[in-house]
Each structure stands twice: as C-alpha cells, then as structure tokens.
Q: 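Below: one structure in structure tokens.
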Amino acid sequence: MPNEIRHKVSILLVDDQPQRLLAYRAILADLDLDLVCARSGREALELLMDHEYAVVLLDVSMPDMDGFEAAKLIHEHPRFEKTPIIFVTGVHLDDLDRLKGYSLGAVDYVSVPIVPEILRSKVSVLVELYCKRKELQRANVRLSEANIALQEEKTRELEIVNRSLQRANSELEEANRSLQSEIAERARAEQALKEADRHKDEFLAMLAHELRNPLAPIHNAVELMRMKPLGDPQLHWARDVIARQLMSLTRLVDDLLDVSRITRGKINLTRQVVELEGLIARAVETVHPLLDEHGHALTLELPEPGVKVFGDPTRLTQAIANVLGNAAKYTDRGGQISLGATVRGANIEISIRDNGIGIRPELLPHVFELFTQLDRDEGRTQGGLGIGLALVQRLVQMHGGEVTAASRGPGEGAEFVIRLPLLRDDPTAAQLATSLSELPSGTDAASVVTPLAGAGAQRTRRILIADDNNDALESLATLLQLSGHEVYTATNGGTALQSAERHLPEVALLDIGMPLLDGYEVAKRIRAQPWGQRITLVALTGWGQDSDRRRSREAGFDSHLVKPLDLETLTDLLARLPSGAARSCPAANGGAGPHGAQSSAS
C-alpha cells in the first residue's frame, strides 16, 4: 500500500473508557494510521461530520447512547452508510445480539480482552479495502476524464466536417435560438407569475389568520362591557365605537380569506332557491349603518315579488352588500344612491347607482382587480384594502353571472350592474343534487342541522377553555361565567389534558396553536380515554378553511369555530347539547371557577 495513501487513512475509535482508547491506540500504532478518539456516540457523530474514516471501532456498552444506537444513526446518514463498523464488547453476545449488530451495519465483532493480532488483522483488511475503493474511485475519475477528452476530440472532428453545413444554416440556427430563448423567457416569466400569485395567496391566508387572534379578546371584552352596567354615557359611546370598528376589521379579515380561497379554488357554494327580494333586504340591512353614518338617501326599485335565483344566499348577499357599501364610501355626505332590479330575458339585473366621486376612465378597466383603490390622488381616506370589488366579481362569476362598472368620469358618479341567471321555475332534481354536492366539505354539522326540538332555556354547563393567549382566555372565561356556566381554564395543551381528566367538562373549547400539545393532539388524547367519549370538543382557531375543518373532524372535534368567537353562536351551540350531556362532577374534582383548572392542573 503506497505511503501517500496510507497516511491519509483515518480510524475512529469510540469508547467511554480512556484506558480502552489507550489500548486501541497501542495495538494499532504499528499500522501507521491516523487514530482519532471519541468518548461517546454523540462525539463520534460530530467527528464523522467533519472527516471521513475508513473504519469505526465502536464500543457496544456506552452511557447515554449505546453502540447499537450510534451505529444506526451513523448508517442512516447517506455519507456514512457504507462505513464499516467493528463492535467491541465486554459481555457475552448471543446470536440475536449479533444479528442486531449486523443489521445495523456491523461488519465484525471483537471481544474484551482484545487479542492485539486479531484486531490489527481486522482493521488492516478493512483499511486495505478502503484504500482499494479509493483507488478505484480515482481510476473511475481518470477514466471519466479520458472519456470526456475522447468525446471532445470526436466533437472537434465532427465540427470540422460539418463546418460548411453550419455556415449554410447559420441564419436558420440563429432564428431558432432566438425563438427558443423567447419561449424560455416567457416560460420563466409565467412560472414567476404563478409563484408570485401563490405566495400572495398564502400571505393573505396567513395574514387573515394572524389578525383573527387579537380580534378574539377584543370581541370578548366588548361583550363583557355590554353585560356590565356603564353609568357614563361616554363609556357607552366608546364601547359602541370599538364594536363598530371591530366589526369593520372582522369584515376586512373575512374578505381577505374569501379572496384567498376563491383565487386558489378553495371555496364552494351552497346553492338553494333564493328570492331576490330577501337577498336585497339582507344586503341593505348589512350596509344600513354605513348609509346612516354618511347621511345617504337610498332609493329601491324592485320587481314584483317572486323573482328567484338559484345560488348561495350568503355569498350573493355579500356581493350585493359589497357593491352597495362601496357606493356609500365613495359618495360625499348626503348623497343619492339607488338600487334597482330588472328582469331582462333569462337574467336578473341588479343595478346600483350613486352620485359620488366617479371613476377615472383609465382606472375603469381595473376596478375589479385586487388592491385597486379609487381616487387616491385627491387624498381621500375611504379605507379598505381594495379587495371588495374583486371578491364581488369572483362570487358573481361562480354563480354563472357577470358584473360590470360604468362611469362618465370624476364627479359623475358610478353604476355597477350584477347580472345573474333567473330561475323561472322550481329547480330540477339535478339542480338540487348539484347544490347538495357543492356543500363545503368543512361545513360543521351544527351549521346545517336543525336545532334540537325543545332545547329549552339555557342550562348551566361545565366548560373547559384552553388558549395560550391569556387575554382571549380570561375574557371568554369571564363571559361564560357571567352567563352562569362553570368554567375551567388552561394555558397550554398539557394543562388542558390534565384539567379535562380531573374535571370531566361537558364542553371543551380548545385553541389549536397551543404550546406543549396543540389542540389536535389534545383532542386525540381525550377521545382515546373512556371518560373523553361524551365530552363535546370545539376547535377554537384563526384558521377556517375547509382543510382546517376537515383536520379538526379527523382529530375528534365536534365543531370548528373561527376567531373572533361570536357569543351568540357559542350560546346556540351550548343550547343544542342534549340534556343528558350534563353530569355530576366527582367530589374529588374540586371547585369551579375560571381559574380552577389552572390551579388544580398546574
């Protein structure tokens, strides 16, 4: 074996006993190898990351990480999967132990006391194989270089032969190269646009989720203020201001989520037969506070009752309300707004006109694009994110309709027309089947099932709330206590699990993103216990997409509520629970109160 190869070979000696490492070095000293010592499996792994070793001599019995575990971790790494390992053992090994070692990559065993000649022989053979393998790799490199040189020579000869032909075809080749370059550039640009669009949608979804978390305790605090007497009229006014602005912010967050879902194809429609008069009434009711705030006069021109469409009433109301709200925002105080509906052929046209600021001609083709804002130049601060009209267009298109905008210019007002297919007769069975098939996969059973008959008055429930946001936790707990419920709280998943086992609540409201154990894991562990089968589990989270609801169901949740939690929705859910859900709390479980679970489970 050439010395220049031999001097590069390193052996890794791994043993927690210094005297053994000293013995290994003495035995292998004559082999003229680079002997590197490690006192533990972890140290050996760190050394392997920095250097290549021909053989690893590994003690089987070491504290913290034994030889078998260290060998497994070594061979799981792609760089070291072929590194030979010799196990050193001071205890008798049966065939199963040896088989385990061989399955983990061991090539041999040596027993203590070590026979120096045997160890040197085994290491020498493996080092020789390592050197041969390295020499073979170098030979392969030289062969590859020779092949490349031969190929280059052949290429040069071929170029000489084809030179005359290349000159004749040079113009065609240049044209082809230019075309290919243009195609590639367009493909790169298209891919970049797709990536940017995907990142934008993901950002919108994440932003909306993160905004929901602080909205929850603010909403709960407003509800608490409504339940407590406020003597000062200014406090009443301040509370109502917070409530109105909170509603506006919540609506913006919902619009963000809706746009993100629609652009990624993650939203479904729950279609049914809907009377147009009811749609417009609900839309006007939604926007009425904004109309009153700006002192606008609204004129309605509706067709005869009985005009129907086949669509999702919630989404259609949202679309009409968005356009009507836009008219209210972009019309100076005391303006005139009209909302009319006319049957034209197979369609119903809903027209919303205003005498507001109008739309500049160059902006008109872009009003339905995301983040388009009207009249920025005049310094108006109308608010909003510029996503309302984009959302309207997508919702109307999903119903097979269209929406258009018209304006004669600045100061001339604007008119938006929503066209929807008219439903002249009752829907066919096929239409109804389609509406059922389009029910969103993440819809809660509680949202589509008729409330239980005879639910009666609100009962006192034993409720566990788990949330790592202390403001949201304490405010919701106080609200439920004031409603007469027995409440326990927990600030992380581990405490929530302990509290659930101790207090056996009827209902558990679990935040998904908790430390230690997340809400999904807590739900799974509760459901795995006999006492957890009758607990009603409710996911409380800022994520509200169909995939999030599906994951909640798979974890064992009965319902999925999105922050900020509407107290009326929660009250309705509690009222629908069967009377049999109430159970007597075992005497050993201790007292009630919003801080009971924290003190008992900590």
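For reference, positions follow the sequence shown, starting with 1.
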Q: Output every pair passing salt bridge (charged side-chain N to carboxylate O under 4.0 Å, His left out) with a member in residues 507-531, not counting sequence neighbours, ordered by first then second residue.
A: Asp511-Lys563, Glu521-Arg525, Arg527-Asp558

Q: Show the atom names and distances, to 0.1 Å, of all donor-acceptor pairs under 3.5 Å that link a side chain in residues 397-404 to residues at least two apart or in another chain.
A:
unit_1: His399; atom_1: ND1; unit_2: Leu395; atom_2: O; d: 2.9
unit_1: His399; atom_1: NE2; unit_2: Asp312; atom_2: N; d: 3.0
unit_1: Thr404; atom_1: OG1; unit_2: Arg419; atom_2: NH1; d: 3.3

Q: Does Ala500 have any side-chain contact (heavy atoms from CB on, under 4.5 Å) partners at least two apart in sequence or in another chain, and if so, which?
A: Leu464, Pro505, Ile526, Trp531

Q: Measure the spacing between CG of Leu497 and CG of Leu517 and express it to the nearest 0.5 Å.
A: 6.5 Å

Q: Between Ala328 and Leu291, what is the shortest heavy-atom contact and its length?
A: CB-CD2, 3.8 Å

Q: If you look at every heavy atom in Phe368 and Arg394, which pair is closest and at what distance?
A: O-NH1, 4.1 Å

Q: Mind listing the closest non-hydrogen atom pair of Pro217 and Ala472 along with its distance?
A: CB-N, 3.5 Å

Q: Taking only residues two or more places apart in sequence, or in another chain, which ones meet Asp292 in a side-chain contact (heavy atoms from CB on, under 4.5 Å)?
A: His288

Q: Start with the C-alpha distance between Leu300 and Val284, add both sets of side-chain angles, then the distance that settles side chain to side chain contact (heavy atoms under 4.5 Å, CB included), and finish with yes or no.
A: CA-CA 10 Å; Leu300 296 179; Val284 171; 4.3 Å; yes

Q: Measuring only between side-chain heavy atoms, which start at C-beta, is Leu476 closer than 4.5 Å to Leu540?
A: yes

Q: NE2/His366 to CG/Leu389 distance, rounded to the nearest 0.5 angstrom?
A: 14.0 Å

Q: List the residues meeting side-chain contact (heavy atoms from CB on, under 4.5 Å) with Ala321, not counting sequence neighbours, and say none if there are none.
A: Ala283, Thr286, Val287

Q: For Ser559 and Leu573, work out which heavy atoms get closest and say how close.
A: OG-CD1, 3.5 Å

Q: In terms of the angle between their ring planes, are Tyr488 and His503 parallel, tilted or perpendicular, with boundaries placed at 30° and 60°?
A: parallel

Q: Using the rule given for side chain to side chain contact (heavy atoms under 4.5 Å, CB included), can you reason through Asn326 versus Ile352, listing the C-alpha separation, both sets of side-chain angles and the distance that settles it, and then say yes or no?
A: CA-CA 10 Å; Asn326 230 46; Ile352 299 174; over 6 Å; no

Q: Nearest 0.5 Å, what's the CG-CD1 distance between Asp468 and Ile512?
A: 11.5 Å

Q: So, taking the atom named NE2 in His294 and the one named OG1 in Thr331, what distance separates them when rounded to the nearest 0.5 Å?
A: 9.0 Å

Q: Of all the heavy-atom pairs spanning Ala341 and Leu276, show the shortest one and how long it is.
A: CB-CD2, 3.6 Å

Q: Taking only residues two or more places apart in sequence or in another chain, which ones pass side-chain contact (heavy atoms from CB on, under 4.5 Å) with Leu235?
A: Leu230, Asp232

Q: Does Pro313 reach the side chain of Leu279, with side-chain heavy atoms less than 4.5 Å apart?
A: yes

Q: Quick one: which residue pairs count as a salt bridge (charged side-chain N to carboxylate O under 4.0 Å, His left out) with a foot in residues 272-291, not counting sequence neighbours?
A: none

Q: Hey, can you pull the donor-acceptor pairs under 3.5 Å for the side chains in residues 188-195, sequence neighbours left out?
A:
unit_1: Arg188; atom_1: NH2; unit_2: Glu185; atom_2: OE1; d: 2.6
unit_1: Glu195; atom_1: OE1; unit_2: Arg198; atom_2: NH2; d: 2.7

Q: Applying side chain to side chain donor-acceptor pair (under 3.5 Å), can you list everything that pairs with Asp471, at least two apart in sequence or on another chain?
A: none

Q: Is there a side-chain contact between Asp548 and Val562 in this structure, where contact means two heavy atoms from C-beta onward sitting under 4.5 Å apart?
A: no

Q: Are the side chain of Asn492 and the backbone of Gly494 linked by a donor-acceptor contact shorter than 3.5 Å?
A: yes

Q: Quick check on side chain to side chain contact (heavy atoms under 4.5 Å, CB included): which of Leu510, Val538, Leu473 does Ile465 satisfy it with?
A: Leu473

Q: Look up atom CD1 in Ile280 and atom CG in Leu316, then write down how far apart they are to the nearest 0.5 Å.
A: 11.0 Å

Q: Hey, does Glu69 have a side-chain heavy atom less than 4.5 Å from the side chain of Lys72?
A: no

Q: Residues two or more places apart in sequence or in another chain: which of them pass salt bridge (Lys or Arg N to Asp or Glu O under 4.0 Å) with Arg42?
A: none

Q: Donor-acceptor pair, His485 side chain versus Leu480 backbone, under 3.5 Å?
A: no

Q: Are His296 and Asp354 packed together at the side-chain level, in the sense that at least one heavy-atom pair is separated by less than 4.5 angstrom?
A: no

Q: Partners of His77 by side chain to side chain donor-acceptor pair (under 3.5 Å), sequence neighbours excluded?
A: none

Q: Kindly give the heavy-atom pair with the smallest separation between Thr460 and Gly484, and that separation in Å.
A: CG2-O, 3.0 Å

Q: Using the side chain to side chain donor-acceptor pair (under 3.5 Å) criterion, which residues pair with Ser475? Sequence neighbours excluded.
A: Asn220

Q: To the nearest 0.5 Å, how far apart are CZ in Phe416 and CD1 in Ile359?
A: 4.0 Å

Q: Using a 3.5 Å distance criterion without hydrogens, assess whether the side chain of Arg549 forms a donor-acceptor pair with backbone atoms of His560.
A: yes

